[in-house]
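Remember, it's a predicted structure, so these values are computed and weren't measured experimentally. Chain naming here is simple, since letters A, B, ... match the order of the sequence lines and numbering starts at 1 in each.
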Amino acid sequence: MIRILPDDVLLVVLEHLQCSSLLACQLTCRKFRTLIADSVSLQYTIELEACGMLDGPRDSKNFDVTERLKRLRLYDAAWRQLDWSERTALPHLIGRIPPLGFAGGVLVFHSLDVTDEATRAIHQQMPSKLRGVREQHATLPVDVGYDTLIDPSQDLLAFLKFGSAGVASSHCELLSTSTGEPHPLAATVAYPNQLKSSRILKDICNDYILEAVLVSGRWDLLVWNWKTGLVEMPPHERPNLDSNYACHFLDDTHLLVVRNGGDDTPCLRVFAFRDAKSRSNNDDKVSDPPSYYFMLPEHMKDARHLMSIMASRSLCDPLNAGFFHSDPDDRLLSITSSPLTATAGILFIDIPLRTLRTYIAAHPVGHDVIIPWDGWGPHGTRVDTHFAGGWVGGTFSSGPRRITVRKPANSDTTLVGIYDYHPRRVARALARERDGHGEDGVVVLRGEEGLNPEFGDPRTALPCIHKEIPLPEVVASVAIMDMSLGVCLSEDGMLFMEYDQAGELIANAWAFTF
Amino acid sequence: MPTIVSVDDSTVPGEGSSRLLLLVSSDNKHIVVEEDIMSRSRFISKQVEGFEATSQRHAILLPFSSFVLNKVIEYCSHYRGYYLLEDDPDAAPPGRSPVREWDQEFLDVDRNMLLRIIKAAHYLEIKSLVGSCARAIADMIRGKTTEEMREILGVENDFTPEEEHSPSSKCTG
């Protein structure tokens with residue numbers, strides 16, 4: 001029936017579809033397969049999404065779609081082979097401690113210079129030859145606290161500034177990263193600033209900031225809107241939450257907390273925080289937001305163990321943010337853990353938001369809903385359960401699609417493993433490797449099936465990359481005592497920071513970029 | 001086949017208002033419409049340029065029914081005098097059509113009708129309407145499985161078993 005339409009009209013229709021629909025459509029019949037395969041523009045749409053990237057502005061006359069597709073493929077191939085095209089020295093970073101935060105290729109550093117009374121922030125844009133992004137850095141003449149959140153897509157740098165009265169009166173500053181001036185969209189009066197309590201910034205998602213605040217002697221979570229200054233989820237007593245938990249935004253409606261259940265059973269707890277606000281407005285009293293517990297099965301001992309380590313991490317631990325990451329766009333929640341115990345491992349859990357929403361819609365709000373593994377876990381899940389001594393450290397790329405894992409190979413070298421875990425490519429469990437120091441393990445839940453195996457397109461079904469590379473000579477002495485520090489990953493490459501023998505200051509900083 | 005009818009200039013109602021066009025649909029209905037309304041159609045505009053070159057005006061025969069034609073005229077009347085980027089022959093074409101609320105309501109018709117409208121819009125070279133219809137068709141299949149798409153699009157699986165399981169050919173750019 002649709003065949004009455006000429007090809008150029010069909011192409012206009014297809015232009016409106018996203019990657020997954022295009023992949024499904026190319027399997028309908030020969031006609032559509034040919035149409036989609038022959039269109040540069042549609043192939044670009046597919047590969048852009050398969051790489052986890054977004055298109056840049058289309059006004060540039062230098063980059064037509066053909067050129068964009070070419071560069072995208074070169075970029076992706078370079079990442080897969082870890083074949084960097086440039087090594088850039090970043091001398092202005094020497095003497096800085098590793099970044100306070102990084103996202104979208106933008107890193108923010110804090111000055112450690114004790115002789116300089118005024119502390120400063122350095123804003124660093126990682127370069128990319130293939131994407132045509134130049135290296136840029138700037139010093140922001142602001143006193144940046146340790147709690148920093150950045151959102152490059154909104155040009156936002158949020159941090160806590162401690163008042164003269166000490167931690168009890170910390171104030172959240174919202175700056176434009178590019179100018180160092182107050183952010184033009186930021187609210188002038190922010191509700192949490194009136195709380196006069198100790199606070200920790202945890203996460204940002206679009207308009208919302210998640211933070212932990214100390215109320216009546218216990219830590220609790222608070223969500224507020226940085227553009228309006230209004231609170232979305234107020235802090236209040238939750239008798240069934242202990243004070244230690246790792247938390248993140250799942251999307252701009254849901255909050256995810258990893259916790260131990262009453263009987264020390266680790267589980268994922270999801271709050272629908274925006275519902276909480278509307279209900280507290282209506283009832284004129286604060287009540288618990290509806291929450292949903294996603295349970296792990298009994299037999300997944302390693303996964304449960306990793307999750308319980310995460311759940312028991314102190315809320316005040318600034319390092320834990322890097323090891324716990326959720327990805328709203330791709331419906332992938334991935335969690336890593338790098339405890340200083342004999343057990344080490346990475347845990348990936350993929351919860352499709354669609355599944356989650358089905359549960360949320362099916363259960364009445366205001367109740368705690370316990371969802372057993374059978375309800376949300378996949379069938380045929382493969383869990384790799386090899387964990388032994390040693391440790392893994394890692395950073396998430398801001399994509400997020402890759403993770404670096406560092407581990408000592410022998411006394412002289414450090415290996416860096418790159419795990420490409422972009423969800424569209426998570427097709428099978430990540431490889432695990434052995435060396436003289438035991439075994440590092442990776443757990444992938446839901447990994448076996450990938451997102452859409454029926455598409456039959458190899459670009460969406462690539463196995464995760466796990467490649468180990470010896471660190472370049474220049475950075476072989478990276479201090480391995482720091483777990484998350486020393487290697488940072490961005491969309492465009494890796495930043496290595498070399499420590500001197502004292503293990504304190506950085507002797508060299510290099511960017512290896514694609 | 002309808003006979004070619006010449007439209008006399010005296011039918012123009014008055015100074016300043018648009019001239020009239022006679023459109024003839026495939027079901028042989030004669031529809032008189034102001035030239036101004038149809039100027040969004042590149043096809044009609046080219047016809048009108050032809051009239052001016054030869055100083056001869058005649059009816060324009062169209063290969064679709066009056067039902068579809070009236071729908072297109074309704075669309076053109078609604079946007080009479082409006083600038084729509086997609087219809088500007090000098091502007092760079094946007095990749096995707098913007099969402100226009102009125103269009104969404106206007107195109108809330110059955111699947112067959114939608115296909116007829118987009119086909120007519122393509123024939124008449126009204127890019128904004130082609131785009132809006134394309135968006136509406138894309139909305140119908142978005143997020144559907146391959147099997148559901150076949151049902152909606154009315155296409156048959158014509159792959160051989162080998163083809164079906166082979167990876168699709170890759171565009172070389």
**Request:** Begin from the C-alpha positions of Val13(A) and Arg135(B) and carry the test side-chain contact (heavy atoms from CB on, under 4.5 Å) through to its verdict.
**Result:** CA-CA 6 Å; Val13(A) 173; Arg135(B) 175 177 282 281; over 6 Å; no
**Request:** Report the C-alpha distance between Arg30(A) and Thr160(B) in whole Å, list the side-chain angles of each, state the deciding distance to 0.1 Å, and finish with yes or no for side-chain contact (heavy atoms from CB on, under 4.5 Å).
**Result:** CA-CA 10 Å; Arg30(A) 283 183 186 177; Thr160(B) 62; 3.8 Å; yes
**Prompt:** Hey, is OH on Tyr83(B) packed in by over 12 heavy atoms from elsewhere, all under 6.0 Å?
**Reply:** yes
**Prompt:** Between atom OG of Ser132(B) and atom NE2 of His16(A), what is the distance when rounded to the nearest 0.5 Å?
**Reply:** 7.5 Å
**Asked** Atom CG in Asn157(B), atom OG1 in Thr28(A): separation rounded to 0.5 Å?
**Response** 8.5 Å
**Prompt:** Rounded to the nearest 0.5 Å, how far does CD1 of Ile137(B) lie from CG of Leu14(A)?
**Reply:** 10.0 Å
**Arg33(A) to Phe159(B) six-membered ring, cation-pi geometry met (6.0 Å, 45°)** = yes
**Asked** Is there side-chain contact between Arg150(B) and Cys29(A), with heavy atoms separated by less than 4.5 Å?
**Response** no
**Message:** Restricting to non-hydrogen atoms, name the atom on Val12(A) and the atom on Ala134(B) that form the minimum distance, rounded to 0.1 Å.
**Reply:** CG1-CB, 3.6 Å
**Asked** Looking at CZ of Phe32(A) and CD1 of Ile141(B), how far apart are the two atoms once the value is rounded to the nearest 0.5 Å?
**Response** 6.5 Å
**Request:** Hey, could you give me the CG/CZ distance between Leu5(A) and Arg116(B), rounded to the nearest 0.5 Å?
**Result:** 11.0 Å
**Asked** What's the spacing between Lys31(A) NZ and Glu156(B) CD if we round to 0.5 Å?
**Response** 15.0 Å
**Prompt:** Looking at side-chain heavy atoms only, is the closest gap between Ile4(A) and Lys119(B) below 4.5 Å?
**Reply:** yes
**Prompt:** Are any non-hydrogen side-chain atoms of Lys144(B) and Cys25(A) less than 4.5 angstrom apart?
**Reply:** no
